[in-house]
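First up is the structure itself, then whatever we jot down about it.
Throughout, protein chains are lettered first and strands after them, A, B, ... in sequence-line order, and every chain is numbered starting at 1.
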Number of protein chains: 2
Amino acid sequence: MSAVPTGERQPAVPEDRVTINDVARLAGVSRQTVTRAMNDMSGISAETKARVLRAAARLEYRPNRAARAMVRGPGTTLGLVIRSLWNPFFAEIAESVIDAVHARQWNLHLSYVGSNGRDALSVVRDMAPEVDAIVGYLPPDISRELPSFTGPLIQLDISGTTGQDAGFRFDLTHDLGLVVQRFADSGRRGVAMIDGSVHGGPSVRAPIFTELAREAGVLDDRVGVTLTDESPEGASAAVREMLDRSPDVDGLFVFNDVMALGVMHELTRHGLTIPDDVAVIAMDGIRLGAYSSPPLTTVDLDPRGLGHAAVAAVGDVLAGDAPRRGRGAQWQRRHALLVRQSG
Amino acid sequence: MSAVPTGERQPAVPEDRVTINDVARLAGVSRQTVTRAMNDMSGISAETKARVLRAAARLEYRPNRAARAMVRGPGTTLGLVIRSLWNPFFAEIAESVIDAVHARQWNLHLSYVGSNGRDALSVVRDMAPEVDAIVGYLPPDISRELPSFTGPLIQLDISGTTGQDAGFRFDLTHDLGLVVQRFADSGRRGVAMIDGSVHGGPSVRAPIFTELAREAGVLDDRVGVTLTDESPEGASAAVREMLDRSPDVDGLFVFNDVMALGVMHELTRHGLTIPDDVAVIAMDGIRLGAYSSPPLTTVDLDPRGLGHAAVAAVGDVLAGDAPRRGRGAQWQRRHALLVRQSG
DNA sequence: GAGGCGTGCGTGAGCGTTCACGGCGATCTG
DNA sequence: CAGATCGCCGTGAACGCTCACGCACGCCTC
């Protein structure tokens, strides 16, 4: 018995694929001449080139990318894994990663973990054999689940974990300090938080925020943190539930911008005005936040900068200029508060 | 002199790449045994497998994707070109395309045309040699500029063009009829349009809308159509300009949802209430439209359905079940009005 | 008119991997 | 105990393309 793969395999190789030899034969030239014609190389006459291109078109010839990549060198492919694309925060990160990757002549594989019911591990497992490096929002220490993947793996947010993952660590004490300060400055005394569930559990932002808010004397201790889905729908529901429990909340810190949209929607529906009755501050800095009503006050996480930085980090690791794991591969970022009208 | 390429080339092939033979030598086995270990195949003992995997890890061996693809068959790669990702409409399309492509075990190349200053033609030119099919928002008859690309090319919106491009044609007379009807039913008499500039010029939606609106007697002829950037910023500016010219507009049809966000922002800033003073209706059906204030009335273009349909169409063409160009490769779509509070 | 040069084209080799097949001991079977 | 079977492993070939050469021919130069 011959060795067989355990899992099923690709649809096998098609019979009818047309190769460079077919084109050469039809055009009455050699392989090399076809190559010259297809790749705009010198050393070929105009007539011959035209004849070859005509033959190629007639056969619907498409050069085999794998064969070409093999001899030319494989290039670099980056894998990006984010949570949903419909959330503009991740979409903006994706945009900047696309830009940065294109500038380096790399390829990109994009996937997302979200409403499609796929979990991060299975997405990354599928992606790993196809890419040279991975960037994304992934569970801590995921590289332990991927022993066969030896390329660089960079987390877009490792705040809160103490592991050895490479990635970006947000200075939450600084960032959330700004938020708390803002609530205090505008005289709020009953601030609560709507948290978004990340890998099934609460976020790291919640305990840090509540501690800072309590210290500053602005926290509504009766309400505290409400945990819900990372979506406007979830946020709306959380607000309804919260308003039932405690009608006198006067400030809300929301996990992210799209959730804040759901929050403001729900507050308005209940006849509350923002920010007079309830101030709303969120985190992300999406472009559309400037056009909500009222415009959203938020921590500007600078998604475009984050994407660029991540690609640059991958480049450094690949070039051997940065360590692959551990403290030396963790970069801290601190952000500014984008003050608009909502809080 | 030997033939040389005209343009510059990839960074050439690196010297230090580690191949399957290096692993085999270190583990003291043959190529084939390394293959068996790496691909979880049968016909290998547990000890040997472990030894091989250890050797592979030590050398940081990564199988060459090109070589593998060459013998296994190349698979299918789809290219998707959209205008911006930060606009949730396109992002939602991208999500559904990712899902559909993943379900078929295809690969995806995603690129966008937008604020990065790249035009559609150059993006597609870069992409064409790397993919087997292209889906996107592209200028009419773009395939004429790509003689070397012989794969299927499917436009996500060919409304208005009369060419031979394959793609989806929106039944704008139907869809915009719904919008006009809605304005008429709510007693509007001074409706104008904020149009988004697509490939440098006005959209196809503008003339059809104005004609229908005029016929229904709801059009504000003094204002008509204001053309601007496809962005909330552009839309805000357009509203300012329009309000100067004619203060008694009572209904606004906006090119798309994100522009409508800018429009509503600006109207609110001018002290106008929506929909009492001005009704706003847009087109797209993004998820976040339900959470603006007021929630947005819009034509539901069903971005997820569109993405799935496009991938299915590519599959049909590739399988030979659908024509590649011409009338038979054009599919019509008509949509429903999603009535919320803004109009 | 012998040598040099440039243009246009073809031939062998090799990229790294997997597939088909074959070999060789050890175990099982009648 | 001869023959069949099974587990484990290795060897040639091939995938389609590009690169480095080399060859033939026409033209120019001295």
Side-chain angles (χ1 to χ4, degrees), chain A residues 1-7 9-25 27-52 56 59 61-75 129-130 132, chain B residues 1-7 9-25 27-52 56 59 61-75 129-130 132:
Chain A
M1 189 189 84
S2 169
V4 292
T6 305
R9 183 133 296 177
Q10 301 292 75
V13 13
E15 318 296 334
D16 57 343
R17 61 175 158 188
V18 26
T19 79
I20 198 171
N21 290 309
D22 301 323
V23 178
R25 207 174 313 123
V29 295
S30 71
R31 289 184 322 241
Q32 180 61 11
T33 298
V34 176
T35 294
R36 280 188 266 254
M38 297 299 293
N39 297 0
D40 266 325
M41 295 196 282
S42 61
I44 183 174
S45 72
E47 311 95 273
T48 312
K49 183 168 176 178
R51 187 153 40 92
V52 169
L59 296 176
Y61 167 66
R62 315 211 59 222
N64 183 312
R65 288 188 300 280
R68 173 176 285 176
M70 191 149 132
V71 47
R72 293 233 264 240
E130 303 295 325
D132 303 301
Chain B
M1 188 190 82
S2 168
V4 292
T6 305
R9 184 134 297 179
Q10 300 291 76
V13 15
E15 319 295 334
D16 58 343
R17 62 174 158 189
V18 24
T19 78
I20 199 172
N21 290 308
D22 301 323
V23 179
R25 206 175 312 123
V29 295
S30 71
R31 289 183 323 236
Q32 180 62 12
T33 299
V34 176
T35 294
R36 281 188 265 256
M38 297 298 294
N39 298 0
D40 266 324
M41 295 195 284
S42 62
I44 183 176
S45 72
E47 310 95 273
T48 311
K49 183 169 176 176
R51 188 154 39 92
V52 169
L59 295 176
Y61 166 66
R62 317 210 61 221
N64 183 310
R65 287 188 300 280
R68 172 176 286 176
M70 189 147 138
V71 47
R72 293 233 264 240
E130 303 294 326
D132 303 301

What are the atom names and distances for every N/O pair under 3.5 Å that joins the protein to nucleotides 25-28 of chain C?
none

Return the nearest nucleotide to the side chain of [X]; candidates are [options].
| X | options | answer |
| --- | --- | --- |
| B:Arg17 | C:dT17, D:dC17, C:dC15 | C:dC15 |
| B:Thr19 | C:dG16, D:dC17, D:dG10 | C:dG16 |
| B:Asn64 | D:dT18, C:dG16, C:dG8 | C:dG16 |
| A:Ile44 | C:dT18, D:dT18, C:dC9 | C:dC9 |

Report the distance from atom [atom1] of [X] to atom [atom2] of [N], rounded to the nearest whole Å.
| X | N | atom1 | atom2 | answer |
| --- | --- | --- | --- | --- |
| A:Arg68 | C:dG14 | CZ | C1' | 18 Å |
| B:Met41 | D:dG10 | CE | C1' | 13 Å |
| B:Arg72 | C:dT17 | CZ | C1' | 9 Å |
| B:Arg65 | C:dT18 | CZ | P | 13 Å |

| request: Could you tell me, to 10°, how much the axis swings from one end of the helix from C:dG1-D:dC30 to C:dG30-D:dC1 to the other, five pairs per end? | output: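 About 40°, once rounded to a multiple of 10°.
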
Extract from the structure each pairing of a protein N or O with an N or O of nucleotides 11-13 of chain C at less than 3.5 Å, listing the distance.
residue	atom	partner	partner atom	Å
C:dG12	N7	A:Arg31	NH2	3.3
C:dG12	O6	A:Arg31	NH2	2.5
C:dA13	N6	A:Arg31	NH2	3.4

| task | Name all residues meeting the side-chain contact (heavy atoms from CB on, under 4.5 Å) criterion together with B:Asp132; count only those two or more places apart in sequence or in a different chain, and write none if there are none. | result |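 In terms of side-chain contact (heavy atoms from CB on, under 4.5 Å), with neighbours along the sequence ignored, B:Asp132 is linked to A:Arg62, A:Arg65, B:Thr76, B:Thr77.
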
| Who are the side-chain hydrogen bond (donor to acceptor under 3.5 Å, both in side chains) partners of B:Thr35, not counting sequence neighbours? |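 Listed in chain order: nothing, the list is empty.
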
Provide a list of protein-nucleic acid N or O atom pairs under 3.5 angstrom, restricted to nucleotides 24-27 of chain D.
none

| query | Checking all strands, does A:Thr35 fall into the base, sugar-phosphate, or nothing category for heavy-atom contacts under 4.0 angstrom? | reply | base

